[in-house]
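Numbers for residues simply follow the sequence, beginning at 1. Predicted model, so just to flag it, every value in this text is computed and none were measured.
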Amino acid sequence: MATPDFIRDLRNSIGRQLLWLPGVSAVVFDDRGRVLLGKRADTGGWSVIGGIPEPGEQPAETAVREVYEETAVRVVPEGVVLVEAMPPTRYPNGDVCQFMDVTLRCRAVGGEAKVNDDESLEVGWFAVDALPELDEYALTRIKRALEAGPTWFHGMGEELGGQQTQG
(Lines give C-alpha, C1' and ligand atoms only; values in the text may rest on other atoms or scores of the structure.)
Protein backbone atom coordinates (compact mmCIF):
# COMPACT_ATOMS: atom_id res chain seq x y z
CA MET A 1 0.00 0.00 0.00
CA ALA A 2 1.40 3.39 -0.96
CA THR A 3 2.10 5.77 1.91
CA PRO A 4 -0.29 8.74 1.84
CA ASP A 5 1.23 12.23 1.99
CA PHE A 6 -0.38 13.00 5.37
CA ILE A 7 1.43 10.02 6.92
CA ARG A 8 4.77 11.12 5.42
CA ASP A 9 4.16 14.53 7.03
CA LEU A 10 3.44 12.88 10.40
CA ARG A 11 6.60 10.80 10.12
CA ASN A 12 8.62 14.02 9.73
CA SER A 13 7.44 14.95 13.24
CA ILE A 14 7.33 11.61 15.07
CA GLY A 15 10.06 9.64 13.36
CA ARG A 16 9.71 5.87 13.25
CA GLN A 17 7.74 5.39 16.51
CA LEU A 18 4.42 3.55 16.59
CA LEU A 19 1.71 5.22 14.55
CA TRP A 20 -1.89 4.09 15.18
CA LEU A 21 -3.85 4.19 11.91
CA PRO A 22 -7.24 3.26 10.51
CA GLY A 23 -7.30 0.71 7.71
CA VAL A 24 -10.10 -0.53 5.48
CA SER A 25 -10.25 -3.89 3.74
CA ALA A 26 -12.79 -4.79 1.06
CA VAL A 27 -13.94 -8.33 0.35
CA VAL A 28 -15.50 -7.95 -3.08
CA PHE A 29 -17.82 -10.56 -4.62
CA ASP A 30 -19.17 -10.61 -8.16
CA ASP A 31 -22.55 -11.96 -9.28
CA ARG A 32 -21.02 -15.44 -9.67
CA GLY A 33 -19.83 -15.52 -6.03
CA ARG A 34 -16.17 -15.09 -6.92
CA VAL A 35 -13.88 -12.94 -4.77
CA LEU A 36 -11.64 -10.18 -6.14
CA LEU A 37 -7.98 -10.40 -5.08
CA GLY A 38 -4.86 -8.43 -5.83
CA LYS A 39 -1.30 -9.69 -5.91
CA ARG A 40 0.51 -7.02 -3.88
CA ALA A 41 3.61 -5.34 -5.29
CA ASP A 42 5.11 -4.89 -1.80
CA THR A 43 4.84 -8.51 -0.64
CA GLY A 44 4.24 -10.49 -3.83
CA GLY A 45 1.31 -12.24 -2.13
CA TRP A 46 -2.38 -12.34 -2.99
CA SER A 47 -4.79 -10.52 -0.66
CA VAL A 48 -8.08 -8.70 -0.40
CA ILE A 49 -8.03 -5.06 -1.47
CA GLY A 50 -7.47 -2.39 1.16
CA GLY A 51 -5.89 0.85 2.18
CA ILE A 52 -5.73 3.81 4.52
CA PRO A 53 -8.57 6.34 4.62
CA GLU A 54 -7.75 9.91 3.70
CA PRO A 55 -8.38 12.37 6.56
CA GLY A 56 -12.16 12.72 7.01
CA GLU A 57 -12.97 9.88 4.60
CA GLN A 58 -15.59 7.36 5.72
CA PRO A 59 -14.68 3.62 5.64
CA ALA A 60 -17.23 2.86 2.88
CA GLU A 61 -15.79 5.67 0.76
CA THR A 62 -12.30 4.29 1.33
CA ALA A 63 -13.38 0.81 0.20
CA VAL A 64 -14.97 2.16 -3.00
CA ARG A 65 -11.94 4.34 -3.77
CA GLU A 66 -9.28 1.74 -2.98
CA VAL A 67 -10.96 -1.03 -4.97
CA TYR A 68 -11.31 1.22 -8.00
CA GLU A 69 -7.79 2.66 -7.71
CA GLU A 70 -6.21 -0.79 -7.47
CA THR A 71 -8.47 -2.89 -9.74
CA ALA A 72 -10.73 -0.62 -11.88
CA VAL A 73 -13.75 -2.45 -10.43
CA ARG A 74 -16.70 -0.38 -9.17
CA VAL A 75 -18.26 -1.62 -5.92
CA VAL A 76 -21.09 -0.96 -3.50
CA PRO A 77 -20.38 -1.67 0.18
CA GLU A 78 -23.00 -3.97 1.71
CA GLY A 79 -21.98 -4.33 5.34
CA VAL A 80 -19.28 -4.41 7.97
CA VAL A 81 -17.71 -7.87 8.21
CA LEU A 82 -15.30 -7.37 11.08
CA VAL A 83 -13.44 -4.81 13.16
CA GLU A 84 -10.02 -5.83 14.44
CA ALA A 85 -6.92 -4.18 15.90
CA MET A 86 -3.96 -5.70 14.13
CA PRO A 87 -0.58 -6.35 15.77
CA PRO A 88 2.09 -3.69 15.18
CA THR A 89 4.05 -4.00 11.94
CA ARG A 90 7.64 -2.86 11.44
CA TYR A 91 8.40 -1.95 7.84
CA PRO A 92 11.82 -2.39 6.19
CA ASN A 93 12.50 1.35 6.57
CA GLY A 94 11.98 1.07 10.37
CA ASP A 95 8.53 2.70 10.54
CA VAL A 96 6.15 1.03 13.00
CA CYS A 97 2.38 1.11 12.41
CA GLN A 98 -0.60 -0.54 14.02
CA PHE A 99 -3.89 -0.64 12.13
CA MET A 100 -7.50 -0.77 13.28
CA ASP A 101 -8.97 -2.66 10.35
CA VAL A 102 -12.60 -2.28 9.32
CA THR A 103 -13.46 -4.92 6.73
CA LEU A 104 -16.44 -4.38 4.45
CA ARG A 105 -18.24 -6.86 2.24
CA CYS A 106 -18.73 -5.28 -1.18
CA ARG A 107 -20.60 -6.17 -4.34
CA ALA A 108 -19.07 -5.51 -7.75
CA VAL A 109 -21.32 -3.34 -9.92
CA GLY A 110 -19.09 -2.44 -12.87
CA GLY A 111 -15.66 -2.23 -14.42
CA GLU A 112 -13.26 -4.92 -15.58
CA ALA A 113 -10.68 -6.26 -13.14
CA LYS A 114 -7.20 -5.13 -14.17
CA VAL A 115 -4.05 -3.76 -12.58
CA ASN A 116 -4.97 -0.09 -12.23
CA ASP A 117 -2.02 1.31 -10.22
CA ASP A 118 1.47 0.42 -9.04
CA GLU A 119 0.32 -1.33 -5.83
CA SER A 120 -0.68 -4.57 -7.57
CA LEU A 121 1.20 -7.00 -9.79
CA GLU A 122 -1.97 -8.86 -10.82
CA VAL A 123 -5.68 -8.76 -10.01
CA GLY A 124 -8.31 -11.38 -10.61
CA TRP A 125 -11.54 -13.10 -9.66
CA PHE A 126 -11.33 -16.42 -7.81
CA ALA A 127 -13.91 -19.02 -6.88
CA VAL A 128 -13.95 -19.32 -3.09
CA ASP A 129 -13.13 -23.03 -3.40
CA ALA A 130 -10.13 -22.31 -5.68
CA LEU A 131 -8.28 -19.47 -3.97
CA PRO A 132 -4.56 -18.89 -4.48
CA GLU A 133 -2.27 -19.14 -1.45
CA LEU A 134 -3.42 -16.49 1.05
CA ASP A 135 -2.25 -15.42 4.49
CA GLU A 136 -4.48 -15.70 7.55
CA TYR A 137 -5.44 -12.03 7.30
CA ALA A 138 -7.10 -12.47 3.88
CA LEU A 139 -8.54 -15.91 4.64
CA THR A 140 -10.22 -14.66 7.83
CA ARG A 141 -11.80 -11.73 6.04
CA ILE A 142 -13.11 -13.85 3.18
CA LYS A 143 -14.48 -16.45 5.62
CA ARG A 144 -16.25 -13.80 7.69
CA ALA A 145 -17.65 -12.12 4.55
CA LEU A 146 -19.20 -15.43 3.49
CA GLU A 147 -20.96 -15.92 6.82
CA ALA A 148 -24.40 -14.57 7.51
CA GLY A 149 -24.69 -12.86 10.84
CA PRO A 150 -23.60 -9.85 12.80
CA THR A 151 -20.25 -8.08 12.56
CA TRP A 152 -17.37 -10.08 14.05
CA PHE A 153 -15.33 -8.36 16.78
CA HIS A 154 -11.98 -9.85 17.77
CA GLY A 155 -11.67 -10.65 21.48
CA MET A 156 -15.38 -10.83 22.34
CA GLY A 157 -15.00 -14.34 23.66
CA GLU A 158 -15.68 -17.79 22.32
CA GLU A 159 -19.03 -17.95 24.08
CA LEU A 160 -20.19 -15.34 21.57
CA GLY A 161 -18.27 -16.89 18.70
CA GLY A 162 -16.25 -13.71 18.57
CA GLN A 163 -19.43 -11.83 17.74
CA GLN A 164 -21.40 -9.18 19.51
CA THR A 165 -24.75 -7.85 18.44
CA GLN A 166 -26.42 -4.57 19.24
CA GLY A 167 -29.32 -4.57 21.61
Side-chain angles (χ1 to χ4, degrees), residues 1-8 10-11 18-30 33-43 45-91 95-109 111 113 116-117 119-120 123 125-126 128 131 134-158 160-167:
M1 123 181 21
T3 304
D5 290 338
F6 79 93
I7 293 176
R8 279 197 267 288
L10 279 171
R11 285 286 177 208
L18 177 68
L19 184 57
W20 179 249
L21 293 168
V24 175
S25 298
V27 181
V28 180
F29 293 103
D30 68 4
R34 299 176 301 173
V35 66
L36 179 65
L37 300 174
K39 191 170 192 180
R40 297 175 55 106
D42 59 351
T43 66
W46 288 96
S47 194
V48 296
I49 310 303
I52 299 169
E54 296 294 329
E57 187 176 50
Q58 296 295 324
E61 294 169 324
T62 303
V64 169
R65 177 181 55 77
E66 287 287 342
V67 171
Y68 183 75
E69 285 178 0
E70 295 182 26
T71 71
V73 172
R74 299 281 183 193
V75 300
V76 173
E78 295 182 318
V80 177
V81 172
L82 67 79
V83 177
E84 181 178 26
M86 304 307 299
T89 300
R90 181 174 301 277
Y91 292 92
D95 288 353
V96 181
C97 294
Q98 186 170 10
F99 292 93
M100 173 62 73
D101 180 61
V102 176
T103 299
L104 302 174
R105 178 188 169 106
C106 299
R107 178 175 36 91
V109 294
N116 207 33
D117 67 8
E119 294 183 43
S120 300
V123 298
W125 293 102
F126 295 87
V128 295
L131 297 171
L134 296 170
D135 62 16
E136 193 60 34
Y137 177 90
L139 287 171
T140 296
R141 279 144 184 77
I142 293 167
K143 175 185 173 190
R144 298 293 179 197
L146 289 167
E147 295 174 347
T151 302
W152 184 86
F153 297 96
H154 184 88
M156 292 307 299
E158 292 304 313
L160 296 174
Q163 296 180 9
Q164 178 178 321
T165 59
Q166 294 181 352

Over all heavy atoms of both residues, which pair between [X] and [Y] is shortest? Give the atoms and the distance, please.
| X | Y | answer |
| --- | --- | --- |
| G38 | V123 | CA-CG1, 4.1 Å |
| P53 | R65 | CA-NH2, 4.1 Å |
| K39 | W46 | N-CE3, 3.4 Å |
| C97 | R11 | SG-NH2, 3.4 Å |
| E70 | G50 | OE2-O, 3.0 Å |
| P59 | V102 | CB-CG1, 4.4 Å |

### Criterion side-chain contact (heavy atoms from CB on, under 4.5 Å) on Y68 and V73, from CA distance to verdict
CA-CA 5 Å; Y68 183 75; V73 172; over 6 Å; no
### Query
Between R141 and D101, does at least one N-O distance fall below 4.0 Å, as a salt bridge requires?
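Answer for the salt bridge query: yes.
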### Query
Would you call R90 and D95 a salt bridge, using N to O less than 4.0 angstrom?
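Looking at R90 and D95, the cut-off is not met.
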Euclidean distance, [Y] [atom2] relative to [X] [atom1], rounded to 0.5 Å:
| X | Y | atom1 | atom2 | result |
| --- | --- | --- | --- | --- |
| T103 | R144 | OG1 | CZ | 11.0 Å |
| L36 | D30 | CG | CG | 8.5 Å |
| M86 | Q98 | CE | CD | 9.5 Å |
| I142 | F29 | CD1 | CZ | 7.0 Å |

### Message
Restricting to side-chain hydrogen bond (donor to acceptor under 3.5 Å, both in side chains), what partner residues turn up for T140, sequence neighbours left out?
### Response
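Result, side-chain hydrogen bond (donor to acceptor under 3.5 Å, both in side chains) vs T140: E136.
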### Message
Using the rule side chain to side chain contact (heavy atoms under 4.5 Å, CB included), only one of V80, V75, L82 pairs with L104; which is it?
### Response
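The option that passes is V80.
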### Task
Please name the residue in the list V64, I52, T62 that meets the side chain to side chain contact (heavy atoms under 4.5 Å, CB included) test with E57.
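Exactly one candidate clears the test, T62.
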#### Entry: side-chain contact (heavy atoms from CB on, under 4.5 Å) assessment of E84 paired with F153
CA-CA 6 Å; E84 181 178 26; F153 297 96; over 6 Å; no
Taking the side chain from [X] and the backbone from [Y], do they hold a donor-acceptor pair closer than 3.5 Å?
| X | Y | value |
| --- | --- | --- |
| E61 | Q58 | yes |
| R8 | T3 | yes |
| R105 | A145 | yes |

Do the non-hydrogen side-chain atoms of [X] and [Y] ever get within less than 4.5 Å of each other?
| X | Y | answer |
| --- | --- | --- |
| P22 | M100 | no |
| V128 | R34 | no |
| T71 | I49 | yes |
| L146 | K143 | no |
| L37 | L134 | yes |
| V28 | W125 | yes |

### Task
Tell me, with the steps shown, if V96 and L19 meet side-chain contact (heavy atoms from CB on, under 4.5 Å).
CA-CA 6 Å; V96 181; L19 184 57; over 6 Å; no
#### Entry: For R74, salt bridge (charged side-chain N to carboxylate O under 4.0 Å, His left out) partners two or more places apart
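Testing R74 for salt bridge (charged side-chain N to carboxylate O under 4.0 Å, His left out), a comparison that skips the adjacent residues, returns none.
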